[in-house]
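Working notes, beginning with the structure itself.
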2 protein chains.
Amino acid sequence: MNGPDMENSELLKLEEFLPYRLSVLSNTVSRGISAAYVDRFGLSIREWRIIAVLGRHPSLSAAEIVKMTAMDKVAVSRAVARLTASGRLERSLSDADKRRSVLVLSKDGKRLFEQISPLAKSYEKRLLKCLGSEDQERLSDILDNLQRRAKALRPPD
Amino acid sequence: MNGPDMENSELLKLEEFLPYRLSVLSNTVSRGISAAYVDRFGLSIREWRIIAVLGRHPSLSAAEIVKMTAMDKVAVSRAVARLTASGRLERSLSDADKRRSVLVLSKDGKRLFEQISPLAKSYEKRLLKCLGSEDQERLSDILDNLQRRAKALRPPD
DNA sequence: GTATAATCGTTACATCTGTAACTAATTTAT
DNA sequence: ATAAATTAGTTACAGATGTAACGATTATAC
């Protein structure tokens, strides 16, 4: 080894580097989604996430949304402000704890969730069509493992 | 179906939605990398990508870097400007085509690449430790397929 | 050869994002 | 009961980002 045709094995090949590949894939997919449906409704991806969470779990506080969306509290605060301003969300204060907000989709917000959900699912379905059903299940498990692991590997918040 | 305990199958469960899971995973991993080594050297992830590409492929133009990094040309232009300013990169103009730049790592840039490469590989190795070797190979194939597919699904640039 | 179109990279502008600082409300400790 | 610490959410600021417009150069069409 270390002769003229060694493999240079210690040097990184970006195109094979898992973090890089995940980032590129995630960006490609996100752009596809925006183009496919989120843009049309004047939503950002983050606003859409909040709609999606509140669509299935009404009456969450901002802090609970933080936990369920992997967004930080500033991002949630801003997205909630925009959604409230555009009439998709209704915000009130908790009686028990006057710091806490109680967030609920408005009629309009619910309609949005019901309109976009099937589009999102259809996109996902088309995306997954390139995999056999066995690979689909395997992928899901792998992603769970990687997520757990990645979380453990990074420094505490 | 459609009774009180229907599965609501047309409504999206964010936590199971592949694009969402990819985004969360990619962000977690990227933060881990930044914290683990990129930050220490005063590099952004994008600057690091350019270092990595030029480390293995010297004398690229900005447009070629665009193709190899999935970054857009503005992002490349800005990252190259910073890397040049900080002495990690040397920029000259092509003789044949005076629009084209010719980019090469400086001595300092090369050293950076050689220092960070093993750290990056080690991070990747630790991340992948949660998967068996069979799953690791499977994952690689799956990501390739998904990337191709996601690219095909989104509107032409 | 000249006009037109395409390419390379940068700049300008508006928006988005992350970090830290902040106010207000609640909890904990003493 | 009061002081200190914690929690919820917002705001302020600096820096990052995406889109569009731009100047400069080269390629193409006629």
Side-chain angles (χ1 to χ4, degrees), chain A residues 23-24 26-28 30-35 38-39 42-50 54 59-86 89-103 154-157, chain B residues 23-24 26-28 30-35 38-39 42-50 54 59-86 89-103 154-157:
Chain A
S23 167
V24 172
S26 174
N27 286 338
T28 309
S30 281
R31 282 163 175 276
I33 288 178
S34 289
V38 177
D39 284 353
L43 286 178
S44 70
I45 295 268
R46 293 172 129 160
E47 287 165 8
W48 157 239
R49 279 191 194 174
I50 289 178
L54 286 173
S59 295
L60 296 177
S61 70
E64 289 167 323
I65 291 181
V66 165
K67 282 178 207 152
M68 304 183 69
T69 58
M71 294 165 61
D72 75 53
K73 65 178 181 175
V74 178
V76 169
S77 171
R78 291 197 268 233
V80 164
R82 274 191 302 262
L83 287 170
T84 305
S86 57
L89 217 82
E90 271 149 30
R91 169 163 42 180
S92 54
L93 288 184
S94 162
D95 289 333
D97 182 342
K98 280 182 245 158
R99 295 168 306 179
R100 273 184 122 78
S101 52
V102 179
L103 303 168
R154 56 156 213 178
D157 300 304
Chain B
S23 168
V24 173
S26 173
N27 286 338
T28 309
S30 281
R31 282 163 175 276
I33 288 177
S34 289
V38 178
D39 283 352
L43 285 177
S44 70
I45 295 267
R46 295 173 127 159
E47 287 165 9
W48 157 240
R49 280 191 192 175
I50 289 178
L54 285 173
S59 295
L60 297 177
S61 70
E64 288 167 323
I65 291 180
V66 165
K67 281 178 206 152
M68 304 183 70
T69 59
M71 295 165 61
D72 75 53
K73 64 180 182 174
V74 178
V76 169
S77 171
R78 291 197 268 233
V80 164
R82 275 192 301 263
L83 287 171
T84 305
S86 58
L89 217 87
E90 272 149 29
R91 168 163 39 182
S92 52
L93 288 184
S94 162
D95 288 333
D97 182 341
K98 279 181 247 159
R99 293 167 306 181
R100 272 183 122 79
S101 52
V102 179
L103 303 168
R154 55 154 215 181
D157 299 304

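If you're wondering where the values come from, they're calculated on a predicted model, not measured in any experiment. Naming convention: chains lettered A, B, ... in sequence-line order (proteins, then strands); numbering from 1 in each chain.
Between A:Arg82 and B:Val74, the one whose closest nucleotide on DNA chain C sits nearer the 5' end is B:Val74.
Between the side chain of A:Arg78 and the base of C:dG18 there is at least one donor-acceptor pair of N/O atoms closer than 3.5 Å.
Side chain of A:Ser101 to main chain of A:Leu103: no donor-acceptor pair is present (N/O by atom type, distance under 3.5 Å, no hydrogens or angles). Judged by distance alone, with hydrogens and angles left aside, the side-chain atoms of B:Ser77 form no donor-acceptor pair with the main-chain N or O of B:Lys73 at under 3.5 Å. In terms of modelled atom types and a separation under 3.5 Å, the side chain of B:Arg46 and the main chain of B:Ala79 share no donor-acceptor contact.
Between the CD atom of B:Glu64 and the C1' atom of C:dC8 there is a distance of 12 Å, given to the nearest Å. Atom P of nucleotide C:dT10 and atom CG of B:Leu83 are separated by 12 Å, given to the nearest angstrom. Taking atom CD1 of B:Ile45 as the reference point, atom P of D:dA16 lies 13 Å away to the nearest angstrom. Atom CG of A:Asn27 and atom C1' of D:dA16 are 14 Å apart (whole Å). Regarding A:Arg46, its CZ atom lies at a distance of 12 Å from the C1' atom of D:dT17, rounded to whole Å. Nucleotide C:dC16 holds its P atom 13 Å from the CE atom of A:Met71, rounded to whole Å.
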Checking side chain to side chain contact (heavy atoms under 4.5 Å, CB included) for the pair A:Val102/A:Asp95: CA distance, chi angles, key distance, verdict? CA-CA 10 Å; A:Val102 179; A:Asp95 289 333; over 6 Å; no
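Among the protein residues, B:Ala79 comes within range of no part of the nucleic acid, since none of its heavy atoms lies under 4.0 Å from any strand.
Scanning both residues, A:Met68 and A:Leu60, for their nearest heavy atoms gives SD-CD1, 3.7 Å. Minimum interatomic distance between A:Ile33 and A:Ile45 (heavy atoms only, all atoms of both residues): CG2-CD1, 4.4 Å.
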Contact list (N/O, under 3.5 angstrom) for nucleotides 1-8 of chain D vs protein:
residue: D:dT7; atom: O2; partner: A:Arg99; partner atom: NH1; Å: 2.4

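With 3.5 Å as the limit, one finds no donor-acceptor pair spanning the side chains of B:Arg78 and B:Ser44.
For B:Arg31 and C:dT17, the shortest distance from a side-chain N or O to OP1 or OP2 is not below 4.0 Å.
Considering only side-chain atoms of B:Asp72, the nucleotide from C:dG9, C:dT17, D:dG18 that sits closest is D:dG18.
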